[in-house]
Chemist: 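Sharing a structure with you now.
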Number of protein chains: 2
Amino acid sequence: MSNSPDPTRRSNASRQAILDAAAELIAEVGFRRLTIEAIAVRAGVGKQTIYRWWPSKGAVVFDALLALQHDADGLRIPESGDLGVDLRLLLRETAAGLVDPHLEEPYRAVLTEIQHDPVLVEELRERLLGPLLSATRDWIRRAQDRCQINAATDPAVVVDVLYGPLFYRWLLRTGPLDEDYLQALTAAVLPVITASSGPNPLRASVEGSPPVVAGIED
Amino acid sequence: MSNSPDPTRRSNASRQAILDAAAELIAEVGFRRLTIEAIAVRAGVGKQTIYRWWPSKGAVVFDALLALQHDADGLRIPESGDLGVDLRLLLRETAAGLVDPHLEEPYRAVLTEIQHDPVLVEELRERLLGPLLSATRDWIRRAQDRCQINAATDPAVVVDVLYGPLFYRWLLRTGPLDEDYLQALTAAVLPVITASSGPNPLRASVEGSPPVVAGIED
DNA sequence: AGGTCAAGACGGGCCGTCTCGTCTCGCCTA
DNA sequence: TAGGCGAGACGAGACGGCCCGTCTTGACCT
């Protein structure tokens, strides 16, 4: 009847071996041909140990992805004060993650899986997207306070305008995310978000006015 | 050694039955649980007839999607001359397709599959994305000719800025594509597009900022 | 003693291929 | 013009194989 296992007795060695094996295998054969059985064998682990702690193959890969990118860095948003410079750095850093040889496949796998797996959606929302997006929104709000971004625009919408084009091109595979593109994109997006001409309204004047379209809550 | 079947002898009735069955089943059980066998049974068709004409489950769904949306409409881009009105209509029509009960699942399935299936990428590029994007680029060029969109920006980049935020929100499931959002997005994006309105003090401070083309502003 | 562990057996579902007999064509000959 | 012939697509479904997710066993570790 004990439906949920006891986390305090969990073998950390097995957990790490599973994540490592998953990361290796997805790089070797891709997500489609990745199997739980292969992960278990590679990790020297019983299948049950995987099924005990993860609800799906996608969840394993998601944890493997988190471990990988946590090794790499930890989400820092540049803030020099020069919006053009900061924006270019932000987009470049984001794009770098999307095309990183170790990260690209897991990223695609996770974004693929959330299209059909509501549980994973919530996982992604809380542990990856949430922190990232709320940090980005804070960054945007500070730029709005400096009157560098139109204060009348909902930060959540600005986020979409910033990241959207990048992910669109990457997911639909309509073109490369090279330096030229990032340059052109920065130049195109900058005026969109830049505070429009004339005096900018103080943030106080719009505080709480734009009903934020329900999204990820921070 | 005859590797490829003869298209002239293909049964159109079977083809249509397969596409219909695929469309029905994906709506009933989703793409993950959709099987070739089930499609064959529902369509009253031998499995071999499916494998003979389609290379993968994703390809079947892609054709079913094309049939569905061809029934619905045929990509018309509004062009009243008023950029704000046209833009809002374009975004609204695009969003309508993404949330249409009959189309959403197939759309997600196809965009999911292209992450792992190079053959389907090419198929999508040629038969869905290609026509759509080239039509959009033409629309953008005409607006640039009317000095309504900054002529210095690559139309392909403008496409990304227009469609990107929409797809980003839809694929990452960070919020609904409701009327409020489309309104806010249009308001945020329009300024780019519009070749710069009056003087913007910030723009001078940004190195490499886009050359401003004097435009017609409302 | 109770719970996790590695190892692997187990039934089941779907894969992609194949085999079978039928049906529809286009072609050849009388 | 009629009739026979071969090629190939067709419906149906058998087949081996892979992987699924569960279950069993005995060792190990608190």
Side-chain angles (χ1 to χ4, degrees), chain A residues 1-22 24-26 28-64 109 112-113 116-120, chain B residues 1-22 24-26 28-64 109 112-113 116-120:
Chain A
M1 267 294 172
S2 69
N3 234 357
S4 46
D6 181 352
T8 66
R9 306 192 59 174
R10 183 172 188 178
S11 161
N12 206 3
S14 291
R15 178 190 139 88
Q16 199 56 53
I18 290 166
L19 296 183
D20 290 347
E24 287 174 27
L25 283 169
I26 199 175
E28 293 174 16
V29 303
F31 182 75
R32 305 296 298 273
R33 284 184 295 228
L34 178 66
T35 68
I36 299 282
E37 294 203 348
I39 295 174
V41 171
R42 174 75 63 102
V45 145
K47 288 167 60 178
Q48 187 63 35
T49 302
I50 298 180
Y51 285 108
R52 184 179 297 119
W53 300 109
W54 286 275
S56 67
K57 187 175 70 170
V60 177
V61 171
F62 176 65
D63 275 10
T112 282
E113 288 302 285
H116 313 285
D117 183 346
V119 178
L120 197 56
Chain B
M1 268 294 169
S2 70
N3 234 358
S4 48
D6 181 354
T8 66
R9 306 191 57 176
R10 183 171 189 178
S11 161
N12 206 3
S14 292
R15 177 190 141 88
Q16 199 56 53
I18 290 166
L19 296 182
D20 290 346
E24 288 175 28
L25 284 169
I26 199 174
E28 292 175 16
V29 304
F31 182 74
R32 304 297 297 273
R33 284 187 292 230
L34 177 65
T35 67
I36 298 283
E37 294 202 347
I39 295 174
V41 170
R42 175 76 63 102
V45 144
K47 287 167 61 180
Q48 186 64 33
T49 302
I50 299 180
Y51 285 109
R52 184 179 296 120
W53 300 109
W54 286 276
S56 67
K57 188 175 69 170
V60 177
V61 171
F62 176 64
D63 275 12
T112 281
E113 288 302 284
H116 313 285
D117 183 345
V119 177
L120 198 56

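Sequence lines set the chain letters: A, B, ... in the order given, protein chains first and strands last, and positions in each chain run from 1.
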Chemist: Is any side-chain N of the basic residue among R42(A) and E37(A) closer than 4.0 Å to the acidic one's carboxylate O?
Modeler: no
Chemist: Starting at the 5' end of DNA chain C, which residue's closest nucleotide do you reach first, I36(B) or N12(A)?
Modeler: N12(A)
Chemist: Closer than 4.0 Å, any side-chain N/O of R9(A) to the OP1 or OP2 of dT30(D)?
Modeler: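 Checking R9(A) against dT30(D): no side-chain N or O falls below 4.0 Å of OP1 or OP2.
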Chemist: Could you state the CZ-P distance from R42(A) to dC19(D), rounded to the nearest angstrom?
Modeler: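 Result: 14 Å.
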Chemist: Roughly, in whole Å, what's the span from CH2 in W54(A) to P in dC20(D)?
Modeler: 15 Å
Chemist: Would you kindly give the NZ-to-P distance between K57(B) and dC15(C), to the nearest whole Å?
Modeler: 7 Å
Chemist: dC5(C) phosphate, OP1 or OP2: any side-chain N/O from W53(A) under 4.0 angstrom?
Modeler: yes
Chemist: With heavy-atom distances below 4.5 Å as the criterion, would you say the side chains of R10(B) and W53(B) are in contact?
Modeler: yes
Chemist: Round to the nearest Å and state the distance from I50(A) atom CD1 to dC20(D) atom C1'.
Modeler: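 Rounding to the nearest Å, CD1 of I50(A) and C1' of dC20(D) are 13 Å apart.
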Chemist: Can you measure R32(B) atom CZ to dG13(C) atom C1' for me and round it to whole angstrom units?
Modeler: 15 Å
Chemist: Any side-chain heavy atom of W54(B) within less than 4.5 Å of one from R15(B)?
Modeler: yes
Chemist: For D6(B) and A40(B), find the nucleotide of DNA chain D closest to each by heavy atoms; which residue's nucleotide sits nearer the 5' end?
Modeler: D6(B)
Chemist: Establish, with yes or no, whether the OP1 or OP2 oxygen of dC25(C) is under 4.0 angstrom from a side-chain nitrogen or oxygen of T8(B).
Modeler: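 Checking dC25(C) against T8(B), no side-chain N or O comes under 4.0 Å of OP1 or OP2.
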Chemist: Side chains of S56(B) and D117(B): does their closest heavy-atom pair fall under 4.5 Å?
Modeler: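 When only atoms from C-beta onward are counted, D117(B) and S56(B) do touch, with a gap below 4.5 Å.
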Chemist: Please pick, from dC15(C), dG11(D), dT4(C), the nucleotide with the shortest atom-to-atom distance to any side-chain atom of T49(B).
Modeler: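 Selected nucleotide: dG11(D).
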Chemist: On the ring face of F62(A), is K57(A) found with NZ or CZ under 6.0 Å from the centre and within 45° of the axis?
Modeler: no
Chemist: In whole angstroms, how far is the C1' atom of dC15(D) from the OH atom of Y51(B)?
Modeler: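 That distance rounds to 14 Å.
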Chemist: Which whole-number value in Å describes the distance from E37(B) CD to dA12(D) C1'?
Modeler: 12 Å
Chemist: Taking atom types as they are modelled, would you say the side chain of K47(B) forms a donor-acceptor pair with the base of dG11(D) within the 3.5 Å cutoff?
Modeler: no
Chemist: Please report the distance, rounded to the nearest Å, between CZ in R10(B) and P in dG11(D).
Modeler: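 Between P of dG11(D) and CZ of R10(B): 11 Å.
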Chemist: Counting side-chain heavy atoms from C-beta on, which of dT4(C), dA9(D), dT17(C) comes nearest to R52(B)?
Modeler: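 Selected nucleotide: dA9(D).
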Chemist: Which sits closer to the 5' end of DNA chain D, S14(B) or Q48(A), going by the nucleotide each is nearest to?
Modeler: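 Its nearest nucleotide being more 5', the pick is S14(B).
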